[in-house]
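Step one of this worksheet: look at the structure below.
Computed from a predicted structure; not experimentally measured.
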Amino acid sequence: MNRRQTIPKELRYTIDQFKRDFPDDDACLEQIKEQRFPGGVAVCMKCEGPRKHYRVKGRTAYACATCGTHIYPLAGTIFEKSTTPLHLWFHAMYLMGSTRCGISAKQIQRETGVTYKAAWRMFKQTRSLLAEPDMQLEGSTIEIDETYVGGVRKFNSGRKLRADAKKLMPVLGMAERGGRVRAFATPDVKIATVMPLVREFVLPKSTVYTDERNIYDGVQQLPGMGYVHKRIQHNAKVYVAGDVHTNTIEGFWSLVKRGLGGVYHSVSQKYLQSYLDEYSFRYNRRASGNLIFPAMLARVSEKVSLKPSSPAEKSHSV
């Protein structure tokens with residue numbers, strides 16, 4: 001058995017490193033400030049120009065060195081108005097980024113001592129950062145497959161039956177070979193639902209691999225796309241024929257299903273897409289080792305809300 005660390009040194013980010021970097025709320029706040037206002041330089045609303053800002057003791061604010069007007073680095077972020085300490089937010093995000101299969105809110109409740117409601121909200125807010133709606137699949141070979149999550153299929157095998165409609169939730173996935181994946185919680189997996197997604201996210205002239213289901217019949221006929229369509233006959237118990245297979249996307253489905261069933265146990269249709277975004281985000285950065293947490297943290301500032309929540313915040317935030 002190979003007991004050596006398999007992650008290259010430059011891709012490691014251990015719990016000791018995390019504790020050293022973020023020992024308390026002040027260190028966490030400083031990180032968010034540096035992401036949004038590098039060097040503490042931000043546009044002062046009163047001075048109407050870039051000014052150096054300094055931390056205000058006892059507050060999550062930084063004051064303009066010239067006029068004293070405050071800015072709030074947490075304004076517009078997922079941390080805004082939260083009474084949960086920042087270092088616990090960071091700890092939860094670190095754990096979410098460090099696991100392949102996910103971590104439950106119940107586990108965070110046990111580890112941090114926050115309420116289950118607070119733990120669940122932390123994960124819900126964190127998942128909102130992980131969606132990548134504009135991400136285009138850029139590979140020339142794309143695998144497409146559908147699956148169902150939740151519930152129990154009658155007889156435990158085969159395609160979805162009519163009686164299973166309320167138990168199982170359809171999902172469509174697309175994977176670049178050796179690259180990224182996209183997963184969609186869809187109302188159904190009919191041709192009218194699948195083909196627009198294929199057209200939107202798969203580049204023209206790509207080679208598309210699917211199984212034999214008739215919902216993929218129109219792939220090669222999509223006007224102006226020029227797809228080459230190859231199919232594997234799963235009904236004939238053929239799973240690989242040369243380069244024709246859908247093993248990449250099916251491997252991703254295996255990861256998602258084991259995570260949802262083993263960690264979260266039950267996911268509603270309302271939140272299914274956010275869970276798929278979480279798994280896709282980690283999968284698409286699987287070559288990053290343990291550096292997924294810094295990637296998640298960077299998105300806090302990338303997805304800052306530009307709409308102030310109250311008149312008071314409007315006068316102090318930027």
Side-chain angles (χ1 to χ4, degrees), residues 127-150 159-160 164-165 168-235 238-257 260 267 269-287 299 302-303:
R127 288 191 189 97
S128 71
L129 302 176
L130 308 185
E132 300 176 286
D134 300 323
M135 189 190 79
Q136 181 82 33
L137 296 179
E138 298 175 349
S140 59
T141 53
I142 306 295
E143 297 177 18
I144 303 176
D145 191 37
E146 84 294 337
T147 191
Y148 297 87
V149 299
R159 293 293 180 191
K160 180 174 73 79
D164 297 323
L168 298 168
M169 297 173 286
V171 178
L172 182 74
M174 307 175 188
E176 304 168 350
R177 287 192 176 172
R180 300 171 301 175
V181 69
R182 292 218 55 160
F184 308 91
T186 57
D188 53 60
V189 282
K190 297 178 180 179
I191 293 176
T193 301
V194 172
M195 288 302 111
L197 291 173
V198 175
R199 186 182 186 93
E200 182 175 358
F201 294 103
V202 180
L203 292 177
K205 300 183 179 180
S206 297
T207 300
V208 177
Y209 298 89
T210 72
D211 60 20
E212 70 281 10
R213 284 204 68 184
N214 60 8
I215 60 172
Y216 305 117
D217 288 348
V219 168
Q220 203 157 352
Q221 284 72 46
L222 282 172
M225 302 309 290
Y227 295 136
V228 176
H229 187 198
K230 298 183 179 182
R231 313 178 87 152
I232 193 70
Q233 300 296 319
H234 287 167
N235 283 342
V238 177
Y239 301 100
V240 179
D243 66 343
V244 183
H245 62 80
T246 55
N247 292 346
T248 306
I249 186 62
E250 287 173 3
F252 176 70
W253 289 148
S254 177
L255 185 67
V256 170
K257 289 184 177 182
L260 293 181
V267 175
Q269 180 75 48
K270 180 178 179 180
Y271 296 110
L272 177 58
Q273 185 61 57
S274 66
Y275 284 85
L276 294 174
D277 291 339
E278 174 193 342
Y279 281 92
S280 299
F281 187 89
R282 282 196 299 260
Y283 184 88
N284 292 341
R285 291 159 181 78
R286 60 195 181 280
R299 295 182 73 83
E302 293 172 8
K303 293 201 171 187

Mind checking what makes side chain to side chain contact (heavy atoms under 4.5 Å, CB included) contact with [X], not counting sequence neighbours?
| X | result |
| --- | --- |
| Ala131 | Pro133, Asp277, Lys303 |
| Gln136 | Leu203 |
| Glu200 | none |
| Tyr271 | Trp120, Lys124, Ser268, Ser274, Tyr275 |

Return the set of residues passing salt bridge (Lys or Arg N to Asp or Glu O under 4.0 Å) with [X] (not counting sequence neighbours), or none when no residue passes.
| X | value |
| --- | --- |
| Arg177 | Glu143 |
| Arg282 | Glu278 |
| Arg180 | Glu138, Glu176 |
| Asp243 | Lys230 |

Tell me the closest heavy-atom pair linking [X] and [Y], and the distance in Å.
| X | Y | value |
| --- | --- | --- |
| Arg299 | Leu130 | NE-CA, 4.2 Å |
| Val238 | Ala241 | CG1-CB, 4.4 Å |
| Pro196 | Ile191 | CD-O, 4.0 Å |
| Ile232 | Val244 | CD1-O, 3.4 Å |

With heavy-atom distances below 4.5 Å as the criterion, would you say the side chains of [X] and [Y] are in contact?
| X | Y | value |
| --- | --- | --- |
| Asn284 | Met135 | yes |
| Tyr148 | Met169 | no |
| Val149 | Leu272 | yes |
| Val208 | Val228 | no |
| Val171 | Glu146 | no |

Margin query: For residues 199-232, which residue pairs pass the ring-ring contact (aromatic ring centres under 6.0 Å, His included) check, not counting sequence neighbours?
Written below: Phe184-Phe201
Next item on the list: Apply the test side chain to side chain contact (heavy atoms under 4.5 Å, CB included) to residues Met195 and Val219: give CA-CA distance (whole Å), side-chain angles for both, the deciding distance (0.1 Å), then the verdict.
Entry: CA-CA 7 Å; Met195 288 302 111; Val219 168; 3.7 Å; yes
Note to self: Suppose we screen for side-chain hydrogen bond (donor to acceptor under 3.5 Å, both in side chains). Which residues come up paired with Asn247, at least two apart in sequence or across chains?
What the structure shows: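 If we apply the side-chain hydrogen bond (donor to acceptor under 3.5 Å, both in side chains) test to Asn247, skipping adjacent residues, there are no hits.
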Side chain of [X], backbone of [Y]: donor and acceptor closer than 3.5 Å?
| X | Y | value |
| --- | --- | --- |
| Arg231 | Arg213 | yes |
| Glu212 | His234 | yes |
| Gln273 | Ala183 | yes |

Margin query: Ring centres under 6.0 Å, that's the criterion: do His245 and Tyr239 meet it?
Written below: no
Separation between [atom1] of [X] and [atom2] of [Y], rounded to the nearest 0.5 Å:
| X | Y | atom1 | atom2 | answer |
| --- | --- | --- | --- | --- |
| Arg182 | Ser280 | CZ | OG | 8.0 Å |
| Ser206 | Ile144 | OG | CD1 | 9.0 Å |
| Leu276 | Leu172 | CG | CG | 10.5 Å |

Note to self: Checking side chain to side chain contact (heavy atoms under 4.5 Å, CB included) between Met174 and each of Asp145, Val198, Val181, which is the one that passes?
What the structure shows: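 Among Asp145, Val198, Val181, the one that satisfies the side chain to side chain contact (heavy atoms under 4.5 Å, CB included) with Met174 is Val198.
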Notebook entry, point to check: Going through the checks in order, is the side-chain hydrogen bond (donor to acceptor under 3.5 Å, both in side chains) test met by Thr147 and Lys257?
Noted result: CA-CA 10 Å; Thr147 191; Lys257 289 184 177 182; 2.6 Å; yes
Note to self: Which residues pass the ring-ring contact (aromatic ring centres under 6.0 Å, His included) test with Tyr283, not counting sequence neighbours?
What the structure shows: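 Listed in chain order: Phe252.
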Next item on the list: Quick one: which residue pairs count as a side chain to side chain donor-acceptor pair (under 3.5 Å) with a foot in residues 184-199, not counting sequence neighbours?
Entry: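 Applying side chain to side chain donor-acceptor pair (under 3.5 Å) to every pair that reaches into residues 184-199, excluding sequence neighbours, yields Asp188-Thr193.
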